[in-house]
Each structure stands twice: as structure tokens, then as C-alpha cells.
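Structure first, then comments.
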Amino acid sequence: MRFQFDQFTGKNVLITGGLGFVGSNLARSLVALGARVTLVDNLDPACGGNRLNIADIADEIDIHIADVRDFSTKTYLVKGKHFLFNLAGRTSHIDSMSDPLEDIDTNCRAQITILESCRKENPEIRVVFASTRQIYGKPERLPVDESHALHPVDVNGINKIAGESYHMLYSRVHGIRVCSLRLTNTYGPGMRIKDARQTFLGIWIRRALEGQAFEIWEGGQRRDFTYIDDTVLGILTLLDNASKIETGNPEIFNIGGGKPASIRELIIEIEGISGSKVKQIEMSEISGDVRETIANPAKLQEFTGFTPQISLEEGLKLFYGWATKEEIAPRLQEWISSTP
Ligand SMILES: NC(=O)c1ccc[n+]([C@@H]2O[C@H](COP(=O)([O-])OP(=O)(O)OC[C@H]3O[C@@H](n4cnc5c(N)ncnc54)[C@H](O)[C@@H]3O)[C@@H](O)[C@H]2O)c1
């Protein structure tokens with residue numbers, strides 16, 4: 001596997017959702033690789049966007065606080081860009097059930113608006129869409145590969161299928177070079193830890209950092225977790241192989257598929273690293289909970305040579321180490337309170 005990624009040097013890159021967890025980490029790597037990075041984000045209160053996520057690179061990037069739902073008036077943002085990382089999205093499964101129309105607005109309607117801007121202003125652009133393993137729903141077989149049937153258990157999953165499908169359509173019909181990455185549970189510095197909106201892991205890490213007990217229900221559920229550096233590396237490796245993605249021939253890849261762990265095993269790791277105790281609560285099955293899901297990463301591996309590098313144990317230590325670092329720990333409350 002090659003880690004140089006020379007092709008990003010001097011390139012113009014747009015990241016929607018760039019103040020969020022994945023977007024800000026990707027932006028940092030692209031700046032380090034010499035790309036000219038523009039971010040667009042509306043700091044949606046239901047999401048993980050936070051200006052502190054990019055505080056260390058703020059002088060080196062161009063930031064637009066704007067809503068991708070209004071992209072038709074912002075088509076200048078895609079002009080002259082070589083790459084678009086389309087990450088703006090609502091991610092909360094619970095919010096999508098209580099406020100489904102908001103989810104449709106960003107995860108469906110805005111996606112068409114963004115793609116229309118590309119079609120009209122910059123059909124040469126290469127687009128990566130952030131999809132999710134959530135769209136598979138309850139797996140029929142494990143590990144779940146990209147040909148697995150899609151039967152999501154919530155509104156968010158249905159809307160993300162639509163978002164991904166629009167991208168595929170614009171590739172097939174309009175020739176825009178597109179790939180979609182179905183992310184699994186990603187964690188690490190910059191994720192929303194204010195509450196459980198982004199994932200349950202966020203609030204657990206917060207509670208552990210605050211030395212408080214945190215609650216789990218049951219604990220037998222199994223997941224594969226991906227450390228953010230691996231997710232970013234996977235995205236960059238994919239684009240480094242972008243010449244294999246032809247016009248009109250979109251590709252979909254799972255990204256993740258590290259060694260799976262049960263929630264109980266995850267808890268033991270967090271307890272070990274933080275010294276915080278877990279309060280266990282008994283609950284019957286939660287509606288929409290997918291008991292076990294593990295992504296099959298073979299397609300991305302065959303296409304690019306990429307495999308995740310960081311184990312769950314190592315990733316949790318890195319994450320916890322980051323949050324307790326001298327320059328971060330005193331700002332953690334500010335980080336939490338400035339999350340919209
Ligand atoms: N983190 C994960 O584990 C995970 C898993 C599967 C899929 N994904 C996908 O990856 C993408 C990024 O996720 P993340 O974890 O970084 O989430 P995040 O909430 O941290 O980032 C999303 C960003 O999008 C912005 N945003 C939302 N609606 C917007 C709008 N209308 N206009 C402009 N900006 C808007 C938010 O303000 C936020 O900063 C999402 O599309 C998500 O569905 C993430």
C-alpha cells in the first residue's frame with residue numbers, strides 16, 4: 001500500500017460537513033498533503049459539527065458556514081474543485097424517527113441539489129459520498145458485503161439509500177465520477193461526545209472522562225469499530241486509486257470491518273483505560289437495534305490494498321489519550337458546550 005498520496009498536492013478540495021467529525025479529520029490530512037481545502041457546514045445542532053474541530057488548521061482552509069440545502073445558490077463552491085467529499089448529513093437514527101422531514105431535507109433533497117451543482121458547473125469533479133452500514137439493517141448473513149440486501153430499520157437508513165442512489169444515478173446518467181463509502185461505527189478525536197446522538201460510544205467516552213458511571217443495556221450486541229485515522233486513510237487510498245473509477249461506472253465500498261467486538265468487550269476496554277465503572281441496566285430489545293453487524297471489507301481491500309491498521313484497544317487508547325492531553329483536557333467542557 002502506498003501512503004504518499006502525491007495526487008492531492010495543490011488540488012482544490014471541497015468537503016461538505018467539514019466541521020463534523022469525519023470531515024474535520026479528513027481536512028487535517030488533506031492540508032498536510034498540500035491540498036487547498038474548502039469546508040462547507042451549517043453547524044446543524046443535531047450533528048457533530050464544531051469549530052474547535054478545525055481550530056489547529058483554521059488559518060489554512062477556507063470555511064463557509066452555509067446550508068447544503070441552499071446549494072443551488074452556492075454553485076460557485078464546486079467550480080474549479082478537483083474533489084468533493086460529500087459528508088454533510090444527518091446521522092442520528094433517533095432524530096430521524098422523531099423528525100423525519102428534517103432528515104429527508106438534508107439526506108435526500110440537499111444531495112440532489114449538490115449533484116445538480118456538479119452536473120451544471122463541474123462535471124469533471126470526483127465525488128466521494130459518505131454512506132452508512134445502517135442501510136443494510138438486520139443482516140441476513142455476516143460479514144455483510146456490498147451485495148447484501150438493503151432493509152434499513154429507520155428513516156435515516158432509507159434516506160441514506162436515496163442519497164447514495166442519487167449519486168449512482170448521476171454517475172450512470174451524467175457521467176460524474178462517483179464512489180460511495182459505507183462507513184461502519186467510526187470513533188476518535190472530534191466525534192460528538194456531548195450526548196448519544198452520533199453514537200452511544202460518544203456519551204460513554206464523555207462519562208468515562210468525567211469519571212462517572214455510564215449505563216449500558218444488555219451488552220451482547222456485536223459491532224466492528226473503525227478508528228477515524230483508518231477511515232481517513234481508507235478514503236484517501238480509495239481516491240489514490242481513483243483512476244480505476246471510470247465515468248458512468250460508480251463504485252460502492254464498505255469501509256471498516258476490523259475485528260468485531262461485543263458491547264461488553266468494548267466496555268471492559270473503556271473501563272480499563274479510564275478507570276470508570278459501568279452501570280448495567282436491563283432492558284428488553286430496543287426498537288430498531290441491530291444485534292450484530294460486521295462489514296466485509298474485502299472489496300475495498302482488493303481495489304486498493306487498504307486494510308484498517310488500528311485495533312479497537314489501540315484506537316480507544318489513542319482517543320482517550322487525545323482527550324486527556326494537556327492542550328485538550330482543559331478545553332473539553334468548552335468542546336462539549338460549543339457543540340451545537
Ligand atoms: N461517524 C460514523 O460512525 C458514520 C457512520 C456511518 C456513516 N457516516 C456518514 O458520514 C458523514 C459524516 O458523519 P460524521 O460522523 O462526521 O457526522 P457529524 O455530525 O460529525 O458531521 C456531519 C456534519 O454535517 C453538517 N451538516 C448537517 N446538515 C447540514 C446541512 N444541511 N448543510 C451543511 N452542513 C450540514 C453538520 O453540521 C456536521 O458538521 C455523514 O454523512 C454520516 O451519515 C458516519
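As the structure lists them, so they are numbered: ligands from 1, and atoms in each ligand from 1.
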Please could you name the atoms of ligand 1 that G17 approaches to less than 4.0 Å, counting only its heavy atoms? 23 (C), 24 (O), 25 (C)

Side chains of V78 and K120 in contact at under 4.5 Å (non-hydrogen atoms): no

Measure the acute angle between the ring planes of Y227 and Y187, then classify it against the limits of 30° and 60° as parallel, tilted or perpendicular. perpendicular

Which of the atoms in ligand 1, numbered in the order shown and given with their element, are less than 4.0 Å from a heavy-atom of G49? 38 (C), 39 (O)

Going by heavy atoms, is S24 under 4.0 Å from ligand 1? no

Which residue supplies the protein heavy atom nearest to atom 18 (P) of ligand 1, what is that atom called, and how far is it? Q198 NE2, 3.1 Å

Honestly, for A66 the part within reach of ligand 1 (heavy atoms, under 4.0 Å) is backbone

Polar contacts were defined as any N/O atom of the residue lying under 3.5 Å from an N/O atom of the ligand; does this apply to V68 and ligand 1? yes

What do we get for V22 next to ligand 1 when only non-hydrogen atoms under 4.0 Å count, side chain, backbone, both or neither? both

For atom 10 (O) of ligand 1, what is the nearest protein heavy atom, given as residue, atom name and distance? A130 CB, 3.4 Å

Pick one of side chain, backbone, both or neither for how K160 approaches ligand 1, counting any non-hydrogen atom pair under 4.0 Å. side chain

Which label fits H148 and Y136: parallel for a plane angle under 30°, tilted from 30 to 60°, or perpendicular past 60°? perpendicular

Test of proximity, V40 against ligand 1: N or O pairs below 3.5 Å: no

For atom 3 (O) of ligand 1, the protein heavy atom that lies nearest, with its residue and separation: T186 N, 2.9 Å

Is there a donor-acceptor contact under 3.5 Å linking the side chains of S72 and T113? no

Any heavy-atom pair between the side chains of I15 and T38 that's under 4.5 Å? no

Looking at ligand 1, is there an atom of it that comes within less than 4.0 Å of some heavy atom belonging to T199? no

For the CZ atom on R51, are there more than 12 heavy atoms of other groups (residues, nucleotides or ligands in this structure) within a distance under 6.0 Å? no

Could you tell me whether the side chains of R182 and N254 share a donor-acceptor contact shorter than 3.5 Å? no

Would you please determine whether R192 falls within less than 4.0 Å of ligand 1 on a heavy-atom basis? no

At the 4.0 Å heavy-atom cut-off, does T226 count as touching ligand 1? no

Do any nitrogen or oxygen atoms of F21 lie less than 3.5 angstrom from nitrogen or oxygen atoms of ligand 1? yes

Which bit of T106 is near ligand 1, meaning a heavy atom under 4.0 Å away: side chain, backbone, both or neither? side chain

Do E116 and Q111 pair up side chain to side chain, a donor and an acceptor below 3.5 Å, judged on atom types alone? no

Distance to 0.1 Å, residue and atom name: give those for the protein heavy atom nearest to atom 5 (C) of ligand 1. T184 O, 3.4 Å

Using ring-ring contact (aromatic ring centres under 6.0 Å, His included), reason through F8 and F83 one step at a time and then give a plain yes or no. CA-CA 9 Å; F8 296 108; F83 298 102; 5.2 Å; yes

Quick test: of every protein heavy atom, which one is nearest to atom 39 (O) of ligand 1, and how far off is it to 0.1 Å? D41 OD2, 2.6 Å

Any idea which atoms of ligand 1 are less than 4.0 Å away from a heavy-atom of R69? 31 (N)

So, the side chain of D154 versus the backbone of G157: is there a donor-acceptor pair under 3.5 Å, distance only? yes

Taking atom 13 (O) of ligand 1 as the reference point, the nearest protein heavy atom with its distance: T91 CG2, 3.9 Å

Tell me: protein heavy atom nearest atom 12 (C) of ligand 1, and distance? L87 O, 3.4 Å

If you have a sec, work out which protein heavy atom is nearest atom 21 (O) of ligand 1 and how many Å separate them, to one decimal? G20 CA, 3.4 Å

Is the shortest heavy-atom distance from the side chain of T304 to the side chain of F253 under 4.5 Å? no

Geometric N/O contact N42 with ligand 1, under 3.5 angstrom: yes

Using a cut-off of 6.0 Å, state whether more than 12 heavy atoms not belonging to L150 lie near its atom CG. yes

